[in-house]
Amino acid sequence: MSLERVTITIPSETLSAAKEAADREGVSVSAWLSRAAERAAKIEAGLIADCSTGLVDRGR
């Protein structure tokens, strides 16, 4: 797996919550955000796939 450095802008409250969650899990904020983004992307991909079969209504 290759890694890329990115700069993001997120609300302070979101960053604070991410820092607290990362600390609870014993991982870096970078690792926690990476996993959260990966989970969100997989969920989104699954929902899009389900929409093509008409099984999920995404309100569109």
Side-chain angles (χ1 to χ4, degrees):
M1 168 179 56
S2 65
L3 300 176
E4 292 189 39
R5 184 175 302 267
V6 298
T7 302
I8 61 170
T9 303
I10 60 175
S12 297
E13 298 81 12
T14 303
L15 180 58
S16 292
K19 286 178 178 180
E20 290 173 10
D23 189 51
R24 282 191 304 272
E25 294 181 25
V27 298
S28 68
V29 173
S30 180
W32 192 91
L33 288 171
S34 180
R35 286 195 321 210
E38 184 177 6
R39 280 192 299 265
K42 286 179 179 178
I43 290 168
E44 179 72 14
L47 291 176
I48 291 169
D50 287 346
C51 282
S52 67
T53 64
L55 297 177
V56 174
D57 178 6
R58 296 187 67 192
R60 293 184 185 162

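If you read the sequence from its start, that first residue is 1, and numbering goes on from there.
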Practice item. List the atom of Ala22, the atom of Ser28, and the distance in Å for their closest heavy-atom pair. Key: CB-O, 3.7 Å
**Study point:** Heavy-atom pair with the smallest gap, counting every atom of Leu33 and Ala18
**Key:** CD2-CB, 4.0 Å
Exercise for review: Answer yes or no: is there a donor N or O on one side and an acceptor on the other, between the side chain of Ser16 and the main chain of Ser12, under 3.5 Å?
Suggested key: yes
**Study point:** Interatomic spacing from OG in Ser34 to CZ in Arg39 - rounded to 0.5 Å
**Key:** 9.5 Å
**Study point:** Same apolar cluster (I L V M F W Y, side chains within < 4.5 Å links), Ile8/Trp32
**Key:** yes
Check your understanding: Given Val29 and Asp23, is the side-chain contact (heavy atoms from CB on, under 4.5 Å) satisfied, shown in steps?
Key -> CA-CA 8 Å; Val29 173; Asp23 189 51; over 6 Å; no
